[in-house]
Amino acid sequence: MGCVFCDIVNNKIKSEKIYEDEDVLAFKDVEPQAPVHFLVIPKKHIKSLNEVKEEDFKLIGKIFSAIQKIIKDLNIKKGFRVINNCGEDGGQTVEHIHFHILAKRKMSWPPG
Ligand code: 5GP
Ligand code: ZN
């Protein structure tokens, strides 16, 4: 079955990439919910956080390292939010694990 985010990794679908290395890709969300809203994904297809295996833990660590680098490059000083929607009740619509990064506005709590 096709995967939108694998298609973005393989350049079959266009995206505004903001960071890329061997294992990780970050690109702007097509429907931004904040002045800064991008998604960080592993290039490897993993369906959701629930499917992450022990062999993937290093890869997940690389995602968070990439997030730190991007936040620094974007000169975001006042904080940001990281969201992972997992499964149906979590609100996951694309079944390729991704972390939303939102910034440049005050976030509310609790989420809806
Ligand atoms: P989820 O609801 O699964 O946590 O988040 C999926 C996110 O992917 C949504 O915020 C949606 O706007 C974004 N998205 C879906 N399809 C595309 C696409 O083709 N390109 C980009 N850049 N973002 C997408
Ligand atoms: Zn995929």
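Index from 1, following the sequence. Counting convention: from 1, in listed order, for ligands and their atoms alike. None of these values were measured; they are calculated from a predicted model.
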Ile76 CD1 to Lys104 NZ distance, which is reported to the nearest 0.5 Å: 5.5 Å

Reference residue Val40; test side chain to side chain contact (heavy atoms under 4.5 Å, CB included); the match among Leu25, Ile18, Val24: Val24

In terms of hydrophobic clustering (I, L, V, M, F, W, Y; side-chain heavy atoms under 4.5 Å; direct or indirect links), are Ile60 and Leu49 co-clustered? yes

The closest protein heavy-atom partner of atom 20 (N) of ligand 1 is Ile8 CD1, 3.6 Å

Which atoms of ligand 1 have any heavy atom of Gln92 under 4.0 Å away? 3 (O)

With a cut-off of 6.0 Å (strictly less than), are more than 12 heavy atoms of other residues, nucleotides or ligands near CG of Asp89? no

Can you tell me the protein heavy atom closest to atom 19 (O) of ligand 1 and the distance? Val4 CG1, 3.6 Å

Please work out, at 4.0 Å between heavy atoms, whether the side chain, the backbone, both, or neither of Phe99 comes within that distance of ligand 1. neither

What are the atoms of ligand 1, with element, lying closer than 4.0 Å to any heavy atom of Glu31? 12 (O)

Counting both backbone and side chain atoms, is some N or O of Asp29 under 3.5 Å from an N or O of ligand 1? yes

Nitrogen or oxygen atoms of Val94 and ligand 1 under 3.5 Å apart: yes

Which of the numbered atoms in ligand 1 are under 4.0 angstrom from any heavy atom belonging to Phe5? 8 (O)

Check whether any N or O atom of Phe27, backbone or side chain, sits under 3.5 Å from an N or O atom of ligand 1, and answer yes or no. no

Part of Ile83 with heavy atoms under 4.0 Å of ligand 1, whether side chain, backbone, both or neither: neither

So which heavy atom in the protein is nearest atom 21 (C) of ligand 1, and how far is it from that ligand atom? Val30 CB, 3.5 Å

Restricting to heavy atoms, the pick from Lys28, Glu95, His98, Lys17 nearest atom 22 (N) of ligand 1 would be Lys28

Less than 3.5 Å between some nitrogen or oxygen of Ser15 and one of ligand 1, yes or no? no

min-distance N/O/S atom, His96 vs the Zn ion (ligand 2), resolves to ND1

Cluster link Phe38 to Val30, ILVMFWY, side chain under 4.5 Å: no

Just by distance, do the side chain of Glu51 and the backbone of Ile97 share a donor-acceptor pair under 3.5 Å? no

For ligand 1, which part of His100 has a heavy atom less than 4.0 Å away: the side chain, the backbone, both, or neither? side chain

Check Glu20 with Lys43, please: is the shortest side-chain N to carboxylate O separation under 4.0 Å? yes

In His45, what N, O or S atom is nearest to the Zn ion (ligand 2), if we give its atom name? ND1

Modelled atom types, side-chain donor and acceptor of Gln68 and Ser65, under 3.5 Å: no

What protein heavy atom is closest to atom 2 (O) of ligand 1, reported as residue, atom name and distance in Å? Thr93 OG1, 2.9 Å

Partner of Phe27 under side chain to side chain contact (heavy atoms under 4.5 Å, CB included), chosen from Ile13, Ile8, Val9: Ile8

What is the distance from atom CG of Leu39 to atom CZ of Phe99, rounded to the nearest 0.5 Å? 11.0 Å

Looking at His100 versus His98, is the centre-to-centre ring distance below 6.0 Å? yes

Below 4.0 angstrom from a heavy atom of Gly91, which ligand 1 atoms are there? Numbered from 1 as shown, please. 1 (P), 2 (O)

